[in-house]
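The sequence lines fix the lettering, A, B, ..., with proteins before strands; numbering per chain opens at 1.
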Amino acid sequence: QKEVEQNSGPLSVPEGAIASLNCTYSDRGSQSFFWYRQYSGKSPELIMFIYSNGDKEDGRFTAQLNKASQYVSLLIRDSQPSDSATYLCAVTVSGYSTLTFGKGTMLLVSP
Amino acid sequence: ETGVTQTPRHLVMGMTNKKSLKCEQHLGHNAMYWYKQSAKKPLELMFVYSLEERVENNSVPSRFSPECPNSSHLFLHLHTLQPEDSALYLCASSRQGNTEAFFGQGTRLTVV
């Protein structure tokens with residue numbers, strides 16, 4: 001059974017702080033890792049993907065992958081109230097995007 | 001706008017009705033997916049179509065029936081649904097060999 005685990009939160013951070021979101025996965029064969037952002041009542045929006053161990057930065061977002069420890073994280077620098085959403089971690093082991101999702105972590109950024 | 005369009009956005013149906021959800025992608029992708037999102041549960045993959053080949057989650061009840069007439073269109077036919085089928089149904093697409101999936105806006109389904 002492939003599982004992706006996330007703390008459901010909410011994770012509360014003040015505006016301007018760094019938000020750290022974590023995700024662990026059970027399948028060692030997982031190859032691709034994604035972070036989606038989902039606003040209430042909306043569909044998931046892809047914000048980051050990472051395939052190799054290490055860090056990947058895109059603007060205020062940094063994805064970190066450690067395959068040996070089977071975890072992937074998302075750092076959001078200079079958090080803004082508009083970052084308040086549920087962040088979904090997803091992994092895949094195949095080339096056909098059969099994504100396995102975690103339940104998501106709710107992030108609340110207070111002004 | 002992600003390039004994946006779903007209709008209708010909202011649907012209320014009785015348990016004896018038959019309805020269909022539609023999805024269309026304008027991204028030139030080769031794979032399309034149906035996901036179900038229920039409250040406090042992870043997104044659940046229901047069906048995958050890649051190059052017109054269907055792969056399904058065996059736990060999906062037969063009252064859900066997918067159809068993929070071509071690589072740009074995907075349907076989900078619904079019949080004799082149950083109240084517990086009320087959820088957000090999401091369509092997604094991806095390019096074969098590229099695992100990034102892009103979602104449509106979803107159909108909020110309520111079964112009464």
Side-chain angles (χ1 to χ4, degrees), chain A residues 1-10 21-27 29-52 56 58 61 63 65 72 74 85-106, chain B residues 1-7 9-10 21 23 25 27 29-60 68 71 87-108 110:
Chain A
Q1 178 76 17
K2 302 172 187 174
E3 292 184 352
V4 178
E5 300 289 339
Q6 294 181 258
N7 188 319
S8 61
L21 303 160
N22 299 313
C23 170
T24 59
Y25 58 94
S26 62
D27 191 335
S30 299
Q31 297 176 348
S32 306
F33 306 86
F34 304 85
W35 284 100
Y36 285 82
R37 177 176 62 199
Q38 187 173 24
Y39 293 112
S40 180
K42 303 294 186 182
S43 62
E45 171 193 10
L46 179 69
I47 54 173
M48 289 284 288
F49 60 89
I50 186 167
Y51 301 143
S52 304
K56 179 180 178 182
D58 183 1
F61 299 98
L65 174 61
V72 57
L74 179 69
T86 296
Y87 289 80
L88 304 172
C89 173
V91 305
T92 180
V93 297
S94 75
Y96 288 109
S97 293
T98 50
L99 296 165
T100 300
F101 283 86
K103 292 184 180 181
T105 298
M106 181 183 292
Chain B
E1 182 62 46
T2 64
V4 182
T5 303
Q6 289 186 243
T7 55
R9 296 290 303 277
H10 300 273
L21 309 184
C23 178
Q25 60 96 0
L27 301 170
H29 288 168
N30 293 325
M32 298 185 75
Y33 314 82
W34 282 116
Y35 283 88
K36 175 183 178 183
Q37 188 174 37
S38 303
K40 300 189 178 182
K41 291 185 178 180
L43 274 161
E44 174 189 355
L45 177 67
M46 300 177 73
F47 302 102
V48 181
Y49 275 87
S50 178
L51 299 177
E52 286 86 45
E53 179 181 5
R54 169 178 151 182
V55 176
E56 63 185 81
N57 180 337
N58 290 329
S59 67
V60 177
C68 187
S71 60
L88 180 66
Y89 289 84
L90 292 159
C91 173
S93 70
S94 71
R95 190 164 51 238
Q96 184 179 357
N98 180 327
T99 59
E100 299 158 49
F102 295 88
F103 286 85
Q105 293 302 306
T107 296
R108 174 67 63 183
T110 303

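For a residue to count as touching a neighbouring chain, one of its non-hydrogen atoms must lie under 4.5 Å from one of that chain's; by this rule B:Leu43 touches chain A with backbone and side chain alike. At a 4.5 Å heavy-atom cutoff, the contact between B:Gln37 and chain A is made by side-chain atoms alone.
Atom NZ of A:Lys103 has 12 or fewer neighbouring heavy atoms from other residues, nucleotides or ligands inside a 6.0 Å radius. No more than 12 heavy atoms of other residues, nucleotides or ligands lie within 6.0 Å of CE in A:Met106, so this atom counts as exposed by the packing criterion.
Closest heavy-atom contact between B:Gln105 and A:Lys42: OE1-CD, 4.5 Å.
Atom OH of B:Tyr33 is separated from atom CG of A:Leu99 by 7.0 Å, given to the nearest 0.5 angstrom.
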Can A:Glu45 and B:Phe103 be said to form a side-chain contact (heavy atoms from CB on, under 4.5 Å), step by step? CA-CA 7 Å; A:Glu45 171 193 10; B:Phe103 286 85; over 6 Å; no
Using the rule given for side-chain contact (heavy atoms from CB on, under 4.5 Å), can you reason through B:Leu88 versus A:Gln38, listing the C-alpha separation, both sets of side-chain angles and the distance that settles it, and then say yes or no? CA-CA 13 Å; B:Leu88 180 66; A:Gln38 187 173 24; 4.2 Å; yes
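Using a distance-only test at 3.5 Å, with no hydrogens or angles considered, no donor-acceptor pair links the side chain of A:Ser43 to the main chain of B:Gly106.
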